[in-house]
Amino acid sequence: MPSLPILVLNSGSSSIKFSMYEAGDGRRARLFEGAVDGIGTDLGKFWIKDAAGKKLVDQTPALPNRAVAFKMVADALHSGQFPAPAAIGHRTVCGGPTVRDNQRITPALIDEIESYAALAPLHTPIAVYIMREALRLFPGLPNFAILDTYFHRTMPEVVTHMPIPAEYSAMGVRRYGYHGISYESILMQLQPDVPQKLIVAHLGNGASVAAIRNGECLDTSMGLTPTGGIISGSRTGDIDPGVVLFILKKIAETTPNTLEAADKLETVVSKKSGLLGVSEISNDMRGLRDAIQEGNAKARLAVDKFAWTIAKCIGSYVAELNGLDMLVFTGGIGENDIASRAEICAGLGALGIVLDPARNNVRGEALISADNSPVTVRVIPPLEDLIIVNHVVRLLGE
Ligand code: ADP
């Protein structure tokens, strides 16, 4: 295959991140990356930097809406200053029960993905908007949906099936799992020595853990939506359904309209809970660490709960895997928050997980387990864009 410039688009509720790779037979070189951030504000950021980190674009435009934001990206790519893309890969959080494979985007596929927006309400609406705009602004270019759920397709039914009446299961209510592109990128980096029994903890603003056996996903903490599983920055994680009902009934006292009440409930469980809800300070680990330094007890409780929920999850996955060879930390907290890694592993000695405090005292890629630790513990940054490029290259060749 000749070298082709492949554009990767990764849209969130207030930002669109992008990168361009030159991809040929076995070769992958990042040409540039960028982002439009602060969508919905007067003081957004629009930047592009080359592979050496040199800023090629650095602006602070008003970004009233996502249309303005994406047009800025498209205009820059059409300006002639950068190579025009030959194909686009879209990070796609969830395709519901029917869109399970990474595939070429058509208008019908976008409609299908949109019909499952309720499963990833923070991510899907902007993603489908960008897909439609990419088809319009880059006519004729092949666009591909690369799914975060794809990696989890190997989970057995006992894991994916929810204990609810069959009529709801038939509607697609099941465990999908997320962060799959990140997990794939960890496996890629572990090649050719992928351990048989592996647990990966992706700890970012959204956080999840996956149990991986012989390179295939066995279980993961996020469920129907990215709100489930372990506690994240502003999401509850798994919680007694009675708590959700209690909050819904409280909301309904002042919001009689059912859909409005459900939307408010959604905001509570996915934007106001987790580290933010407990600490009442921040969803951001750095802010919480600063508050802990100042003696803030609520920040301490939030971070303790974070470590507790992850340690408990790792313990249950060791049981499912019937042992453990390697534990990998990734994501912004997994890579950078030395204290979180130490706190999570502190109670896991009986499972063979022993950190070396000096080795753990680093940010970024490292081996952090002690020499006498039966389980190897590593920190590996995710390479999600590269996985998207790899899928696009494979699909272009089909
Ligand atoms: P997202 O899920 O949005 O991609 P990231 O993977 O970038 O998020 O992770 C963001 C989290 O990583 C935040 O809680 C942030 O505080 C944390 N983080 C980033 N750098 C550091 C650091 N140096 N020390 C502690 N936490 C950090």
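In this text the structure is predicted, and so the values were computed from the model without any measurement. Excluded from the calculations below are hydrogen atoms, water molecules and symmetry mates; all remaining heavy atoms, backbone and side chain alike, are included. Every number for a ligand or one of its atoms is a count from 1 in the order of the listing.
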Contact check, Gly233 vs ligand 1, heavy-atom distance below 4.0 Å: no
Euclidean distance, Ser273 OG relative to Ile231 CD1, rounded to 0.5 Å: 10.0 Å
Stacked cation flag Lys49 on Trp47, 6.0 angstrom / 45 deg: yes
Shortest protein heavy-atom distance from atom 1 (P) of ligand 1, along with the residue and atom involved: Asn205 N, 3.7 Å
is_close_aromatic(His391, Tyr150), centroid dist under 6.0 Å: yes
For atom 22 (C) of ligand 1, closest protein heavy-atom neighbour: Asn336 CB, 3.3 Å
Nearest-neighbour protein heavy atom for atom 26 (N) of ligand 1, which is reported as residue plus atom name and distance: Arg286 CG, 3.7 Å
Over all atoms of both residues, closest heavy-atom pair of Cys94 and Leu147: C-CD2, 4.1 Å
His202/Tyr178 aromatic ring centres below 6.0 Å: no
Quiz item: cation-pi between Arg174 and Tyr176, 6.0 Å / 45°: yes
Is_contact(atom 4 (O) of ligand 1), protein non-hydrogen, under 4.0 Å: no
Closest protein heavy atom to atom 17 (C) of ligand 1, given as residue, atom name and distance to 0.1 Å: Ile333 CG1, 3.6 Å
Under-4.0 Å heavy-atom contact with ligand 1, by part of Arg363 that carries it: side chain
